[in-house]
Amino acid sequence: MTNFTEGQWINWIDQLSEQDYLVIDNFISDELFQQLRTYFMEVLQEDDFSKAGIGALHLHTINKAIRGDQVFWLDKPRDEPVIPAFYQIIDELKDMLNRYCFLSISDYEFHMAHYPVGTFYKRHLDQFKERSNRLITLILYLNEDWQPRDGGELTIYTEQGAKTIAPLGKRMVIFKSDVLEHEVLVTNAGRNSITGWYLRQPVGLGFL
Ligand code: OGA
Ligand code: NI
């Protein structure tokens with residue numbers, strides 16, 4: 001569970017519905033932050049990340065001119081001890097969104113993402129044309145001591161103009177997947193996050 005009150009959540013959810021995005025600093029405890037970082041580094045050292053693609057399923061292609069990150073999908077069996085603690089928070093937030101935003105989130109999918117030095121992700125929307133069940137995007141940054149010279153900012157394109165958000169550790173960015181275009185600027189340091197999506201219907205039922 002998080003330390004946030006229901007009033008705090010409602011406040012944030014209001015912001016999300018009005019501005020299409022929301023930034024929450026210090027979203028997780030130091031302890032969970034360090035545990036997630038440790039797990040992330042283990043997977044990275046074992047070289048278990050794979051290059052991220054574009055498009056869903058059979059249309060999946062890898063194009064380094066569009067995105068250069070590497071991803072590792074977090075499985076539902078959740079056998080890694082730290083992942084249930086993370087998913088507990090994700091469940092809590094899902095319940096709030098369903099209750100106060102009248103959304104019908106029924107599932108989610110998350111991966112860890114690593115952007116090596118020199119990589120980026122060009123401006124895009126997170127909803128694939130051929131599979132539109134991504135409702136809300138969530139990005140939790142796992143970078144310690146991120147400096148302005150490290151670049152790698154997330155730029156979001158809102159009705160009020162472009163906004164640049166540094167990928168600071170423990171910062172959570174949440175936005176509407178179908179409306180908010182965004183991009184990741186070139187990073188000058190290895191850039192790590194857990195990124196995921198609340199879904200309208202269970203993964204795998206996309207063809208029904
Ligand atoms: C994505 C994405 C942004 C970020 O994975 O689709 O846009 O800041 N990530 O990592
Ligand atoms: Ni994106």
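Ligands are counted one by one from 1 in listed order, and the atoms in each one are counted from 1 as well. Since the structure is predicted, the reported quantities are computational estimates derived from the model, not experimental observations.
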Taking all atoms of both residues into account, what is the closest heavy-atom pair of T195 and S193, and its distance? OG1-OG, 3.2 Å
Heavy-atom distances under 4.0 Å decide this one: backbone, side chain, both or neither, for H182 against ligand 1? side chain
State the atoms of ligand 1, each with its element, that fall below the 4.0 Å cut-off from a heavy-atom position in V184. 3 (C), 4 (C), 8 (O), 10 (O)
Ignoring hydrogens and geometry beyond distance, is a side-chain donor-acceptor pair present between Y198 and E109 at under 3.5 Å? no
Considering only heavy atoms, does D126 approach ligand 1 within less than 4.0 Å through its side chain, its backbone, both, or neither? side chain
Indicate whether any N or O donor in one side chain lies under 3.5 Å from an N or O acceptor in the other, for D91 and Y108. yes
Quick check: R67 and ligand 1, any N/O pair under 3.5 Å apart? no
Could you tell me whether some N/O pair between S193 and ligand 1 is separated by less than 3.5 angstrom? no
When every non-hydrogen atom of F175 is compared with those of L16, the smallest separation belongs to CA-CD1, 4.0 Å
Side-chain donor-acceptor pair present, E144, Q34, cut-off under 3.5 Å: yes
Would you please indicate if the ring centroids of F49 and F40 are separated by under 6.0 Å? yes
Return the residue, atom name and 0.1 Å-rounded distance of the protein heavy atom closest to atom 5 (O) of ligand 1. T195 CG2, 3.9 Å
Considering both backbone and side-chain atoms of R191, is one of its nitrogen or oxygen atoms within less than 3.5 Å of a nitrogen or oxygen in ligand 1? yes
What protein heavy atom sits nearest atom 1 (C) of ligand 1, and how far away is it? Y121 CE1, 3.7 Å
Give the residue and atom name of whichever protein heavy atom lies nearest to atom 8 (O) of ligand 1, and the separation in Å to one decimal. Y141 OH, 2.6 Å
Under the 6.0 Å and 45° cation-pi test, does R67 pair with F120? no
Are F110 and F86 close enough that their ring centers fall under 6.0 Å? yes
Can you name the atoms of ligand 1, numbered from 1 with element, that are less than 4.0 Å from a heavy atom of L154? 3 (C), 8 (O)
Between H124 atom NE2 and D126 atom OD1, the angle centred on the Ni ion (ligand 2) rounds (to 10°) to 90°
